[in-house]
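All values below were derived from every heavy atom in this structure, side-chain atoms included, with hydrogens, water molecules and symmetry-related copies excluded. Along the sequence shown, the residues carry numbers beginning at 1.
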Amino acid sequence: MRKIMTGLAAAAATPGAGGGLPSRAALAVAVDHTVTFANDTGKTVWIGSDVNSDGSRPLAVLPTLEPGQSGTVTIPETAEPGHWRGTFFARQCAQCGGFTVTFHSAV
């Protein structure tokens with residue numbers, strides 16, 4: 001019985017083995033994705049992000065976009081913990097010429 005179970009486990013781990021469909025594990029290969037942001041507002045936009053509390057790591061570098069610029073962010077799904085779940089938001093600076101800098105959500 002053990003030999004049969006070992007053979008079944010090996011067949012399930014091999015995509016297309018025995019004429020069957022690939023296993024769920026074989027289909028779940030992580031790849032990094034990219035997100036492109038475009039600034040059509042006429043003002044400088046700072047891209048921000050927040051992560052879920054599921055072990056997702058904060059993104060280290062996010063773009064600042066001048067009017068008409070675009071920027072790309074790579075989502076690190078191949079790095080530990082093997083996924084990234086979070087949100088993006090855009091911010092514009094209010095009172096940037098003075099000592100006080102406050103941000104508000106632009107989009």
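Sorted by first then second residue, the salt bridge (Lys or Arg N to Asp or Glu O under 4.0 Å) pairs that include residues 67-89, not counting sequence neighbours, are D54-R85. Screening residues 38-50 for salt bridge (Lys or Arg N to Asp or Glu O under 4.0 Å) gives no qualifying pairs among residues at least two apart or on separate chains. Among residue pairs with one or both ends in residues 60-85, those qualifying as ring-ring contact (aromatic ring centres under 6.0 Å, His included) are W84-F88; sequence neighbours excluded.
Shown here for G86 and N52, the closest heavy-atom pair between the two residues is CA-OD1, 4.0 Å. Closest of all the heavy-atom pairs between V51 and P58 is CG1-CA, 3.8 Å. Taking all atoms of both residues into account, the shortest heavy-atom contact from V45 to A90 is CG1-CB, 3.5 Å.
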Donor-acceptor pairs under 3.5 Å, side chain of residues 65-74 to any protein atom, not counting sequence neighbours: which ones?
| residue | atom | partner | partner atom | Å |
| --- | --- | --- | --- | --- |
| E66 | OE1 | T44 | OG1 | 2.9 |
| Q69 | OE1 | E66 | N | 2.8 |
| T72 | OG1 | T36 | OG1 | 3.4 |

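In this structure, S49 has no side chain to side chain donor-acceptor pair (under 3.5 Å) partners at least two apart in sequence or on a different chain. Checked against salt bridge (Lys or Arg N to Asp or Glu O under 4.0 Å), R57 has no partners two or more places apart in sequence or in another chain.
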